[in-house]
Amino acid sequence: MPIKSIKKAKNLSGKRVLVRVDFNVPIKNGKVLDGTRLLASIPTIEYLLERGAKVILVTHIGRPEGKTVAALSVTPVVKRLSELLKTNVGKIEIEEIKKKLKKLDSNQSLKSNSRSPHVVMLENIRFHPGEEKNDLTFAKELANLGDLFVLDGFAVAHRAAASVAGVAKYLPSYAGLLLEKEITGLERVTKRPKKPFTLVLGGAKMETKVPIMKYLLPKVSHILVGGGIVNTYLSARGYRVGDSLVDKKFKKIALALCKKKKVIIPLDVIVGDMKGKSYRRVLIGKKPHVICKKSEAILDVGPATIRLYAGYIKKAKTVVWNGAMGYFEQKPYHHGTLAIARLVASRSKGKAFGVIGGGETLQAMDMVGMGEYVDLISTGGGAMLEYLGGKKLPGIEALR
Ligand code: ADP
Ligand code: MG
């Protein structure tokens, strides 16, 4: 069953809408350092306000593990959000809303509440031990605060938490505009991708990349690999890779996957020291050989690989990219990743439907400043990786 969009909800006027967002933003000295996640959910909040709804925002910040941690209060977020929405956002505790609702019940009048802000935010939901346990009593208590539930934070959709999945059991539930955009985009690439479909996959954490390769292999035309996947594969084939980032647990599976015809392996790599002081290009021969000395590591793909990969990206009608091609945080190992960022962006919006996601991947796109040319920049992080790995996300399932 497809998820129901908030656009399908009728008569929002006067309704209390509980909106689960992901406002887990970096905070320092009481200030929000990066408000990107706030901006991402503003369309949903404004959509609801324009239709006369009262919005109750729910988010977590950090990992307080069921206890009140002053440094993880939502106060700085409430402040920043008030500026962005140009309205006074109130901060509120669950108990306060409950009391207010009781009063309303006895007065039988909604008007008594009309001077209070139309957007309020609950204190960090992870201060409650029931949240991460997906305690259903707690979920019910949350559900009692609203008439409707909206999930907007895609980045929390993979969490089986009370405010993400549990609450949807007790309220009519909808996808917010952000969640809808993300799911529509990801469904487009996983369910009906236009071919050729090129997946570019790099990065470090093999446990998140292997499921993506397995799940998408039948759907894609090609997978261009970089990062830890390549190192692990080369090591498994018997090449000497020195100090390279290799995940031993995944050697066997990396070998099996990278042998597939659809999987394209680098022709050359850049090896060197972590500081980028000495480095050199090494061609990958057909027979296993010494790629790195013991103190060296593979830290990027080389120019022949960039040229090879560019050919595939230039032909793609669907392109998905996750994971750095190398240690791009250190020059001169940034070339492979930044080249991919430019290629993916320049092929997107028109020629191909382009999707990117992942913490470091977005950081790399920021470095080249071409994010505006990509069709979908997923805010999902881990949730997006799980989705592309074919996993069912508790938050999404709860909406079906
Ligand atoms: P994302 O967050 O985009 O999903 P990952 O977290 O899986 O990506 O991995 C990104 C990280 O992988 C980057 O910080 C990058 O430096 C690192 N990386 C990629 N290739 C290599 C390599 N060959 N050696 C060391 N680190 C690498
Ligand atoms: Mg990462």
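We use all heavy atoms of the structure for the numbers below, so side chains are in, but hydrogens, waters and symmetry mates are not. All ligand and atom numbering here is 1-based and tracks the order in the structure. Since the model is a prediction, treat every value here as computed from it, not as a measurement.
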Nearest to atom 6 (O) of ligand 1, what protein heavy atom do you find, and at what distance?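 I find the closest protein heavy atom is Glu360 OE1, 3.0 Å.
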If you have a sec, work out which protein heavy atom is nearest atom 16 (O) of ligand 1 and how many Å separate them, to one decimal?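 Here the nearest protein heavy atom works out to Glu329 OE1, 2.6 Å.
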Hey, which atoms in ligand 1 end up nearer than 4.0 Å to a heavy atom of [X]?
X: Leu299; answer: 23 (N), 24 (N)
X: Asn322; answer: 1 (P), 3 (O), 4 (O)
X: Thr361; answer: 1 (P), 3 (O)
X: Gly359; answer: 1 (P), 2 (O), 3 (O)
X: Lys205; answer: 6 (O), 7 (O)

Regarding Thr75 and Lys91, is there a side-chain donor-to-acceptor distance under 3.5 Å anywhere?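 A donor-acceptor contact under 3.5 Å links the two side chains.
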Check whether the side chains of Thr305 and Asp268 place a donor and an acceptor atom closer than 3.5 Å, and report yes or no.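 Yes, a side-chain donor-acceptor pair sits under 3.5 Å.
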So is Gln330 close enough to ligand 1, meaning a heavy atom under 4.0 angstrom away?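 No; Gln330 lies far enough from ligand 1 that no heavy-atom distance drops under 4.0 Å.
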So, 4.0 Å and heavy atoms of Gly326: is ligand 1 close enough to count as a contact?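 The answer is yes, since Gly326 has a heavy atom less than 4.0 Å from ligand 1.
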Is the Lys NZ or Arg CZ of Arg307 less than 6.0 Å from the centre of Tyr309's six-membered ring, within 45° of the axis?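 No; the conditions do not both hold, so Arg307 does not lie above the ring face of Tyr309.
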Does Phe353 have Arg188 sitting over its ring (NZ/CZ under 6.0 Å from centre, angle to axis within 45°)?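 Yes, a cation-pi geometry holds between Arg188 and Phe353.
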Please classify the Asn231 to ligand 1 contact at 4.0 Å (heavy-atom distances, strictly less than): side chain, backbone, both or neither.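 Looking at Asn231 and ligand 1, just side chain atoms fall under 4.0 Å.
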Has the side chain of Thr59 got a donor or acceptor atom that lies under 3.5 Å from a matching backbone atom of Phe23?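 Present.
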Counting only heavy atoms not in Lys219, do more than 12 fall under 6.0 Å of its NZ?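 Correct, the count exceeds 12.
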Just wondering, more than 12 heavy atoms not from Lys195 lying within 6.0 Å of its NZ?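 Atom NZ in Lys195 is crowded, with more than 12 foreign heavy atoms closer than 6.0 Å.
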